[in-house]
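Quick notes on the structure that follows.
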Amino acid sequence: MYHEHLLELGQQLRVDAVRAADSAGSGHPTSSMSAADLMAVLLVGHLRYDFDEPSRPGNDHLVFSKGHASPLLYALYKAGGAITDDELLTFRKQGSRLEGHPTPQLPWVDVATGSLGQGLPIGVGLALAGKHLDRLPYRTWVLCGDSELAEGSVWEAFEHAGYEQLDNLTAVIDVNRLGQRGPTRHEWDLDAYARRIRSFGWHTVEVDGHDIAAIDEAYAEARATALRPTAVIARTMKGRGVTAVEDREGAHGKPLPDAAEAIAELGGYRDLQIEVQPPPDVQTPDRPLRDLELPRYEVGDSVATRDAYGAALTALGTARGDVVALDGEVSDSTRSGIFAKEHPDRFFECYIAEQQLVATAVGMQARGWVPFVSTFAAFLTRAHDFVRMASVSRASLKIAGSHAGVAIGQDGPSQMGLEDLAMFRAVHDSTVLYPCDANQTARLMSAMTDRPGISYLRTTRGAGPVIYEPHERFAIGGSRVLRSSDEDRVTLIAAGVTVQEALAAADRLAEEDIAARVIDLYSLKPVDTETLHAAAEDTGRLVTVEDHRPEGGLGDAVLEAFCDGRPVPHIVRLAVRNLPDSASPEEQLSTAGIDADAITAAARRLTASAG
């Protein structure tokens, strides 16, 4: 009777997926139908969850990595009593919580999915949090599609989970043979998947994904397996139960041609309500708070902002028990290694796997932790889609990119982050900061700790002079005017390493009786429009200078401040337009045309041409 009940629930989930997609006129019902039995068994027999209290610490976590199967997820929520049938039929309609792919607009969804290959890496982050931070007995279940196993990020996740022995993680792989345009790489060769996954230290179970008893046993085996994550590899049929679409190409991403006929073939409408097993009654461990004592540097000292990042991160970890640090095997360079020595229980080495690095942080922040992620700015480009989707997830991440720009010197262009500011400025509701000295770095890190959304801090490899006192404050969205007078004829706008170049240029211009205002535009998003507008009114001429490509960086941030219809001042933009090679930092700045000489020449020409 138990198995018959689960079969009926599986059919209900299929029917509701068909109905939801039919109501919307779009969606992925056939991808939902293949995994319906897998999810029916999970919901009734193995998931521990309180839908009335989704924030309960002991709740399991269910991630639909194949996010296009959202009709199945929403049908699951209906069966569990979380949503009504009326809401189910609002699927994909404007104003509905039931979006085409799941997002945390729903309180039972931890993270947004839909960009394939991300759910399992994020699930690794959730499982790591459960095992090493929360130390709670919840499990993480991830439903994967076979198509997404072509993504490299999935194999980063398999490697990391196996290495970390995450026995609280189960991947349920829906091998339905068909992708969007035809067969998948391995079709129904379950052993091809199992061999590869086992090689990463996983336990695997191969099952018929429509055999209720076999699925039930596989989940029980996963829960009983110690020191290894488990992959349940299930052979299923896309469009299962409806002759018109079952295992047929060309049906992906479309409502069924005749929903009424399909529902009849599936046995008609059902309204089973499931009492999901509650989680254990446990409490999240304390995350103590203490007074924050940021590092202090004396004006005139020479300190790299990456050094200040490591010291400030460690201070934040001492003051706050919820701060964690993650790095991509460059912690000696990013200086997060200082945190690792002081707080080893909250430091996570993700190795050279930047997608998994960011995904781990996304999973951890879903559990209420405050993750700081660090690697070279150039390498974050590999993880950009994970950052983009983290924004869709309403995730709060603190990301630091070190070794940015041509100023890194002899390592050459492969190591130079020259696109990072543009990349992070383009992310929805992001914060982008580029400090020029050590005290400013520490203060901005403190300010970004509780800031929602994606925050990016760019740090510098080489040492630079400390120009700000330790007690000075720096607001996100602000700037600092370093030189100013009533006689200013031009404004030099810089950030990070180019601030010193701008100050040197201002000194040279002063010798030529050209008064120059200097603005340290440390906050590139949000940008200090008020200060920029005042500079434009007072001087009428702006020179922007940045150790970054001209597209999307500081210069564009300044220009956007004048997109409200007001007159646009005369602007010269200095940026890295060449392809660098190996040279000293000073030679790199000169060759790129962003050093004091270039700024002086640009300001001289601008003031001369404008009279």
Side-chain angles (χ1 to χ4, degrees), residues 420-422 424-427 429-437 440 443-444 447-448 451 455-458 467-468 472-506 509 514-576 594 596 598-600 602-607 609-610:
D420 54 317
L421 298 177
F424 282 95
R425 284 185 65 243
V427 173
D429 207 25
S430 61
T431 298
V432 181
L433 307 170
Y434 187 13
C436 71
D437 94 333
Q440 188 180 63
R443 289 291 181 180
L444 288 175
M448 69 193 281
R451 190 169 178 84
S455 295
Y456 178 64
L457 183 88
R458 195 187 215 218
I467 64 174
Y468 294 114
E472 293 192 52
R473 305 281 179 170
F474 300 92
I476 291 175
S479 67
R480 191 57 56 88
V481 179
L482 296 173
R483 301 282 175 83
S484 179
S485 75
D486 294 337
E487 287 76 38
D488 291 340
R489 297 171 57 195
V490 64
T491 300
L492 313 179
I493 305 171
V497 296
T498 58
V499 168
Q500 285 301 315
E501 303 299 322
L503 288 169
L509 290 167
I514 300 174
R517 185 170 300 184
V518 178
I519 297 176
D520 171 11
L521 198 70
Y522 62 80
S523 179
L524 274 69
K525 184 184 178 185
V527 74
D528 185 356
T529 56
E530 184 177 342
T531 297
L532 294 175
H533 293 165
E537 278 189 34
D538 294 345
T539 70
R541 293 172 284 274
L542 310 180
V543 177
T544 67
V545 55
E546 57 190 306
D547 192 0
H548 185 271
R549 293 295 181 200
E551 296 85 5
L554 181 146
D556 278 356
V558 171
L559 281 174
E560 288 172 14
F562 297 93
C563 291
D564 58 355
R566 72 182 61 228
V568 178
H570 299 282
I571 297 182
V572 173
R573 300 173 58 193
L574 304 180
V576 181
I594 58 172
I599 300 168
T600 302
R604 187 187 299 123
R605 289 193 304 270
L606 186 57
T607 53
S609 65

Exercise. Is any side-chain heavy atom of Ile594 less than 4.5 Å from a side-chain heavy atom of Glu501?
Worked result: no

Seminar exercise, completed: Residue pairs meeting salt bridge (charged side-chain N to carboxylate O under 4.0 Å, His left out), one or both in residues 550-564, sequence neighbours left out, come to Arg425-Glu560, Asp556-Arg573, Asp564-Arg566

Exercise. Can you tell me if Lys525 uses its side chain to pair, donor with acceptor, with the backbone of Val427 under 3.5 Å?
Worked result: yes

Problem set entry | Minimal non-hydrogen separation, Asp520 against Cys436, with atom names | OD2-SG, 3.4 Å

For this session: May I ask you to test the Gln500-Ile467 pair for a side-chain heavy-atom distance under 4.5 Å?
Result: yes

For this session: Look up atom CD in Glu472 and atom CG in Asp437, then write down how far apart they are to the nearest 0.5 Å.
Result: 8.5 Å

For this session: Check whether any side-chain heavy atom of Tyr456 sits under 4.5 Å from a side-chain heavy atom of Ser430, and report yes or no.
Result: no

Exercise. Going through the distances and angles, do Arg517 and Asp538 end up as a side-chain contact (heavy atoms from CB on, under 4.5 Å)?
Worked result: CA-CA 10 Å; Arg517 185 170 300 184; Asp538 294 345; 3.0 Å; yes

Seminar exercise, completed: d(Thr431 OG1, Leu457 CG) to nearest 0.5 Å is 11.0 Å

Problem set entry | Closest non-hydrogen atom pair, Thr544 against Gly555 | OG1-CA, 3.8 Å

Exercise. Can you name the nearest heavy-atom pair linking Val527 to Ala557, along with the distance?
Worked result: CG1-O, 4.1 Å

For this session: Report the residues that fulfil ring-ring contact (aromatic ring centres under 6.0 Å, His included) with Phe474, sequence neighbours left out, ordered by chain and then residue number.
Result: Tyr468, Tyr522

Problem set entry | Validation row: Asp420, His548 side chains within 4.5 angstrom (heavy atoms) | yes

Seminar exercise, completed: In short, Pro567 meets Phe562 closest at the heavy-atom pair O-CD2, 4.0 Å

Problem set entry | Donor-acceptor contact below 3.5 Å, side chain Thr498 vs main chain Val545 | yes

Problem set entry | Point-to-point distance, once rounded to the nearest 0.5 Å, from CZ of Arg541 to CZ of Arg489 | 6.0 Å

Exercise. Can you tell me how far the CD1 atom of Ile476 sits from the CZ atom of Arg451, to the nearest 0.5 Å?
Worked result: 4.5 Å

Problem set entry | Sub-4.5 Å side-chain heavy-atom contact between Val543 and Leu574 | yes

Exercise. Okay, side chain of Ser523, backbone of Gly477: is any donor-acceptor separation there less than 3.5 Å?
Worked result: yes

Problem set entry | Any donor-acceptor pair under 3.5 Å from Arg483 side chain to Ala516 backbone | no

Problem set entry | Flag side-chain contact, heavy atom, 4.5 Å: Val576 against Arg549 | yes

Seminar exercise, completed: Given the options Leu503, Val481, Asp488, Ile599, Val518 meets side chain to side chain contact (heavy atoms under 4.5 Å, CB included) only with Leu503

Seminar exercise, completed: Heavy-atom closest pair (Ala494 atom, Ala502 atom, distance to 0.1 Å) is CB-CB, 4.0 Å

For this session: Evaluate the side-chain contact (heavy atoms from CB on, under 4.5 Å) criterion for residues Leu509 and Thr607: first the C-alpha distance (whole Å), next the side-chain angles of each, then the deciding distance (0.1 Å), finally the verdict.
Result: CA-CA 11 Å; Leu509 290 167; Thr607 53; over 6 Å; no

Exercise. Can you name the closest pair of heavy atoms from Gly553 and Leu524 and give their distance?
Worked result: C-CD2, 4.2 Å

Exercise. Is there a donor-acceptor pair under 3.5 Å between the side chain of Glu487 and the backbone N or O of Ala515?
Worked result: no

Exercise. With a 4.5 Å heavy-atom cut-off, do Leu532 and Ile493 have their side chains touching?
Worked result: yes

For this session: Determine whether Val497 and Tyr434 make a side-chain contact, defined as any pair of heavy atoms from C-beta on separated by less than 4.5 Å.
Result: yes

Exercise. Roughly how far, to the nearest 0.5 Å, is CZ of Arg604 from CD1 of Ile514?
Worked result: 6.5 Å

Exercise. Heavy-atom count around Glu530 CD within 6.0 Å, excluding the residue itself: above 12?
Worked result: no

